[in-house]
Amino acid sequence: MKKAVLEDYLKQHEFLLVQKKKKHYLTYEGIKDRYVYILKEGIVKTSMISKEGREFNLKYINDMEIVSLFKDEYSPLVEAPFNIRVESAEATLYKIEREQFWRDVNQDLALQQYVKEYYRVYLMYTMKKMQQMLMNGKFGAICAELEELCEQFGVQTPEGTLIDFEVTNEEIARFCGITSASSVNRMMQKLRQEHIIKSVERKILILDRTLLQANIPY
């Protein structure tokens with residue numbers, strides 16, 4: 001997506017900037033909210049809660065991007081479709097009234113195209129995540145999640161690709177729809193024994209990304 005469109009839009013207005021600390025929730029699934037949030041700096045995570053009360057992680061966002069879906073254009077208050085929580089030490093976000101945002105979208109063709117592309121990319125991402133969980137099995141889903149984390153937070157080192165963000169096994173379990181963190185522990189240990197990954201100061205280092213990808217059939 002053309003981030004310049006979003007950047008130009010934000011520069012043209014003096015929107016309220018809010019700063020939130022780690023583990024602060026911007027929205028809760030099902031609670032009515034009247035704002036659109038756009039991440040400026042930091043890392044946030046979106047997640048949902050199942051009927052049984054289990055949390056299912058959707059996505060980390062670590063770039064300038066819209067972090068809240070909009071639902072309809074006309075209601076000043078809508079129920080948040082998911083939780084949004086700050087994962088970095090601090091995050092800075094633009095906080096925009098929903099009604100104003102939609103007025104601006106309807107008057108700006110470039111911004112309209114950006115929003116359409118945003119929904120298309122989000123839909124494709126969601127379909128990909130479902131495919132990973134349903135068709136790869138638990139081990140393949142974990143490998144797919146590690147590959148995604150490489151794409152998002154990967155830093156090349158002489159040994160391999162360092163996921164330069166602390167992600168616990170419990171969080172990986174929630175991204176993969178696995179109920180037990182102990183299951184993830186066993187599969188992560190298998191990856192260590194096969195010399196595909198290792199831990200470096202509480203972060204994950206991918207030693208052999210090709211072997212990791214070989215465990216992702218789809």
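Quick caveat: nothing in here was measured; it's all calculated off a predicted structure.
- Here Ala173 pairs with Ile178, Val184 under the side chain to side chain contact (heavy atoms under 4.5 Å, CB included) rule; sequence neighbours left out.
- Salt-bridge check for Arg209 with Glu151: passed, with a basic side-chain N closer than 4.0 Å to an acidic carboxylate O.
- Here the closest non-hydrogen pair linking Ser88 and Gly42 is OG-CA, 3.5 Å.
- For Glu159, the salt bridge (charged side-chain N to carboxylate O under 4.0 Å, His left out) partners at least two apart in sequence or on another chain are Lys198.
- One finds the CZ atom of Arg85 at 12.0 Å from the CD1 atom of Ile43 (value rounded to the nearest 0.5 Å).
- For Tyr125, the ring-ring contact (aromatic ring centres under 6.0 Å, His included) criterion is met by no residue, not counting sequence neighbours.
- Among residues two or more places apart in sequence or in another chain, the side chain to side chain contact (heavy atoms under 4.5 Å, CB included) test is passed with Glu201 by none.
- Using a 4.5 Å heavy-atom cutoff, the side chains of Ile206 and Ile204 are in contact.
- The salt bridge (charged side-chain N to carboxylate O under 4.0 Å, His left out) analysis of residues 16-31, with sequence neighbours excluded, yields the pairs Lys21-Glu90.
- Partners of Arg120 by salt bridge (charged side-chain N to carboxylate O under 4.0 Å, His left out), not counting sequence neighbours, listed by chain and number: Glu117.
- Taking CD1 of Ile61 as the start and NZ of Lys45 as the end, the distance is 12.0 Å to the nearest 0.5 Å.
- Here the CD1-CE distance, from Ile172 to Met187, works out to 10.5 Å after rounding to the nearest 0.5 Å.
- Between Phe56 and Arg174, the shortest heavy-atom contact is CD1-O, 3.1 Å.
- The hydrophobic cluster containing Met127, built from Ile/Leu/Val/Met/Phe/Trp/Tyr side-chain heavy atoms closer than 4.5 Å, also comprises Leu123, Met124.
- Within the model, atoms OG of Ser183 and CG of Asn169 stand 11.0 Å from one another, a figure rounded to the nearest 0.5 Å.
- Clustering ILVMFWY residues whenever any of their side-chain heavy atoms sit less than 4.5 angstrom apart, transitively, puts Val155 in a cluster other than the one holding Ile196.
- Of all heavy-atom pairs spanning Thr161 and Gly154, the tightest one is CG2-CA, 3.7 Å.
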Ile38 vs Glu65, test: side-chain contact (heavy atoms from CB on, under 4.5 Å). Steps then yes/no. CA-CA 5 Å; Ile38 299 176; Glu65 186 54 273; over 6 Å; no
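- Applying the under-4.5 Å side-chain rule to Ile, Leu, Val, Met, Phe, Trp and Tyr, the cluster around Ile49 consists of that residue alone.
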Is there a ring pair (Phe, Tyr, Trp, His ring centres under 6.0 Å) between Tyr28 and Phe82? Walk through the geometry before answering. CA-CA 6 Å; Tyr28 290 96; Phe82 41 59; over 10 Å; no
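- Closest approach of Thr92 to Leu39, counting heavy atoms only: O-CD1, 3.7 Å.
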Check step by step if side chain to side chain donor-acceptor pair (under 3.5 Å) holds for Tyr9 and Asp108. CA-CA 9 Å; Tyr9 169 65; Asp108 185 330; over 6 Å; no
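- Leu162 shares a hydrophobic cluster with Val200, Leu205, Leu207; the chain of contacts runs through ILVMFWY side chains whose heavy atoms sit under 4.5 Å apart.
- Side-chain atoms of Glu171 and Asn57 form a donor-acceptor pair, as typed in the model, at a separation below 3.5 Å.
- Aromatic pair Phe101/Tyr35: centroids not less than 6.0 angstrom apart.
- Taking CZ of Arg103 as the start and CD of Glu97 as the end, the distance is 8.5 Å to the nearest 0.5 Å.
- Note that the CD1 atom of Ile66 and the CG atom of Leu93 stand 12.5 Å from one another [nearest 0.5 Å].
- Using cut-offs of 30° and 60° on the angle between ring planes, the pair Tyr60 and Phe153 is perpendicular.
- Under the 4.5 Å side-chain criterion, counting only non-hydrogen atoms from C-beta, Ser68 is not in contact with Thr27.
- The two atoms that bring Leu149 and Ile163 nearest to each other are CB-CD1, 3.8 Å, heavy atoms only.
- Applying the ring-ring contact (aromatic ring centres under 6.0 Å, His included) rule to Tyr37 yields no partners; only residues at least two apart in sequence or on another chain are considered.
- For Lys190, the side chain to side chain contact (heavy atoms under 4.5 Å, CB included) criterion is met by Phe139, Glu194, not counting sequence neighbours.
- Within the 4.5 Å cutoff, the side chain of Glu7 has heavy atoms near those of the Met64 side chain.
- Residues Glu87 and Val44 have side chains not in contact (no heavy-atom distance under 4.5 Å, counting atoms from C-beta outward).
- By the side chain to side chain contact (heavy atoms under 4.5 Å, CB included) test, Arg192 is found to be paired with Met188, Gln189, Ile197, Ser199, residues two or more places apart in sequence or in another chain being considered.
- When side chains are defined from C-beta on, Leu146 counts as touching Leu191, because their heavy atoms get closer than 4.5 Å.
- At a cut-off of 3.5 Å, with distance as the only test, no side-chain donor of Asn83 or Tyr25 sits close to an acceptor on the other residue.
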Apply side-chain contact (heavy atoms from CB on, under 4.5 Å) to Val36 and Lys95, showing your working. CA-CA 6 Å; Val36 170; Lys95 186 177 181 180; over 6 Å; no
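- Among all heavy-atom pairs drawn from Gly140 and Ile216, the shortest one is O-CG1, 4.3 Å.
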Under the criterion side-chain contact (heavy atoms from CB on, under 4.5 Å), I'd like the reasoning laid out for His13 against Tyr94: C-alpha separation, chi angles, the key distance, then a yes or no. CA-CA 11 Å; His13 299 78; Tyr94 294 94; over 6 Å; no
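- Of the possible donor and acceptor atoms, one in the side chain of Gln112 sits under 3.5 Å from a partner among the backbone N and O of Val105.
- Aromatic pair Tyr114/Tyr119: centroids not less than 6.0 angstrom apart.
- Proximity of Glu148 to Phe175: side-chain heavy atoms (C-beta onward) are nowhere separated by under 4.5 Å.
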